[in-house]
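A quick write-up on the structure given underneath.
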Amino acid sequence: MNKKTLYDYDFAGKTVFCRVDFNVPMKDGKITDETRIQAALPTIKYLSEQGARVLLASHLGRPKGEVVESLRLAPVATRLSELLGKEVQAVQEAHGPVAKQAVEGLEDGGVLLLENVRFYPGEEKNDPELAKAFASLADIFVNDAFGAAHRAHASTEGIAHYLPSAAGFLMEKELDVLGKALSNPERPFTAVIGGAKVKDKIGVIDNLLDKVDNLIIGGGLAYTFVKAQGYEVGKSLLEEDKLDLAKQFMEKAEQKGVKFYMPEDVIVADDFSDDANKKEVAISGIPADWEALDIGPKTRKTYEAVLKASKLVIWNGPMGVFELESFAGGTKAVANALAEASDTYSVIGGGDSAAAVEQFGLADKMSHISTGGGASLEFMEGKELPGVVALSEK
Ligand SMILES: Nc1ncnc2c1ncn2[C@@H]1O[C@H](COP(=O)(O)OP(=O)(O)O)[C@@H](O)[C@H]1O
Ligand SMILES: O=C(OP(=O)(O)O)[C@H](O)COP(=O)(O)O
């Protein structure tokens, strides 16, 4: 990597604006998976031990430029305090007088957590004024938010234009591991794409088709493809305006000789809940008022066989609504297949996919669990990540 790292700076007495990805899953104000917090600890500890005053900044969820009480970062500060064994103050601003005062009160080695940067409309617009306001709080910018490195936002990209900067340890490690896997991929190379962020992920399929031998589609993403094939999808997740794109991708796969796998059968439910009525149906049989919330047993078998025969697998996005026990089977099947495939290098990306693997107790059976879903996908597609590009060169 030709970017500066933490070893390129003397941090003693310096104030560091450190962007992390603390976009952790939460339920009723409780963190349900802390993988991303754990992953940022080496950088935070190093900066603190070197005598820096550490300002941590992150987004949480998608509040769209407004304050959303349930998306405040205070619960993360509480957990971080426990993990670091020292108090981490949660500040209710990411810049402004309250933030400034908190920063001024910080001792060398002290750590504070600024408020959700997406409470500010300028964050996602990469507004230079907001980037400057963030920069005015610190002497050095460190980006350790690999999971948000594909976003050109004020706290990930913009700020790097106003401060000397470096990649944190997590950022370095992710780029290193993924880069090695991609530089000369072992084949068959399979991508498994699922989850619910259809708009974000559908685009990456185009580039993946130039790289992989097999493409497996599951999760909420699948039903736009299912519909594009002419089947009815009932109330399943659907992006109507992406149907043509989905068709184009299936044609491209055929031209390129990429095997394209879609659900043959699914578990449908009459409600989005664990106690909904549910049944297994063939893909041609999704009832009008029901929604598909998991892949079915035949599909699982097919997917398992493809995965076990692959040498490199990148997996992004669960196969179903794994948070509900009734619809976790498909995601579990994929996770188990990868855990059992000792000859397969498996890269798991995405907050929810990582959480699923963790929930099933299979995390240590995977070759690499990336803290970024979208970010690892864009990187594996061969795209440059704006949050990395903007960092100071060595
Ligand atoms: N068939 C489906 N219908 C609706 N939501 C789904 C379906 N399959 C998976 N999901 C949801 O997708 C979410 C994860 O999506 P996404 O954020 O794209 O994944 P990741 O964080 O791994 O990148 C999970 O909360 C899961 O419940
Ligand atoms: O959770 C994240 O992405 P991921 O679900 O693709 O892993 C990152 O924190 C980025 O969040 P965003 O997709 O709202 O920009």
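All values derive from a computational prediction rather than experimental measurement. Whatever order the structure lists ligands and atoms in, that order sets their numbers, starting from 1.
By the rule that hydrophobic residues join a cluster once side-chain heavy atoms approach within less than 4.5 Å of another member, Val20 and Val111 end up as members of one cluster. Under a hydrophobic clustering in which Ile, Leu, Val, Met, Phe, Trp and Tyr are joined whenever their side-chain heavy atoms come within less than 4.5 Å, directly or via other members, Val313 and Val204 fall into different clusters. Under a hydrophobic-cluster definition in which Ile, Leu, Val, Met, Phe, Trp and Tyr are linked whenever side-chain heavy atoms come within less than 4.5 Å, directly or via other members, Phe272 and Trp290 are assigned to different clusters.
Salt-bridge annotation for Lys259 and Asp213: absent, with no side-chain N of the basic residue lying under 4.0 Å from a carboxylate O of the acidic one. At a threshold of 4.0 Å, the pair Asp108-Arg53 counts as salt-bridged, since one of the basic side-chain nitrogens sits closer than that to a carboxylate oxygen. Look at Asp176 and Lys180 and you find a salt bridge, because one of the NZ, NE, NH1 or NH2 atoms lies within 4.0 Å of a carboxylate O, short of that distance.
Partners of Lys132 under the side chain to side chain contact (heavy atoms under 4.5 Å, CB included) rule, at least two apart in sequence or in another chain, are Glu129, Tyr162.
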Please produce the table of protein N or O atoms sitting under 3.5 Å from N or O atoms belonging to ligand 1, one pair a line, distance to 0.1 Å.
from     : atom 1 : to     : atom 2 : distance (Å)
ligand 1 : 1 (N)  : Ala292 : O      : 3.1
ligand 1 : 8 (N)  : Gly220 : N      : 3.3
ligand 1 : 12 (O) : Ala196 : N      : 3.3
ligand 1 : 15 (O) : Ala196 : N      : 2.9
ligand 1 : 17 (O) : Asp352 : OD2    : 3.3
ligand 1 : 18 (O) : Ala196 : N      : 3.1
ligand 1 : 18 (O) : Lys197 : N      : 3.1
ligand 1 : 18 (O) : Lys201 : NZ     : 2.7
ligand 1 : 19 (O) : Lys201 : NZ     : 3.3
ligand 1 : 21 (O) : Asp352 : N      : 3.0
ligand 1 : 21 (O) : Asp352 : OD2    : 2.9
ligand 1 : 22 (O) : Asp352 : N      : 3.4
ligand 1 : 22 (O) : Ser353 : N      : 3.0
ligand 1 : 22 (O) : Ser353 : OG     : 2.8
ligand 1 : 23 (O) : Lys201 : NZ     : 3.0
ligand 1 : 25 (O) : Glu323 : OE2    : 2.4
ligand 1 : 27 (O) : Glu323 : OE1    : 2.6
ligand 1 : 27 (O) : Glu323 : OE2    : 3.4

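Listed as neighbours of ligand 2 are Asp21, Asn23, Arg36, His59, Arg62, Arg118, Gly147, Arg151, Lys197, Gly350, Gly351, Gly372, Gly373, Gly374, each bearing a heavy atom under 4.0 Å from the ligand.
Exactly one of Lys197, Lys199, Lys227 qualifies for a salt bridge (Lys or Arg N to Asp or Glu O under 4.0 Å) with Glu239. That residue is Lys199.
The salt bridge (Lys or Arg N to Asp or Glu O under 4.0 Å) analysis of residues 260-287, with sequence neighbours excluded, yields no pairs.
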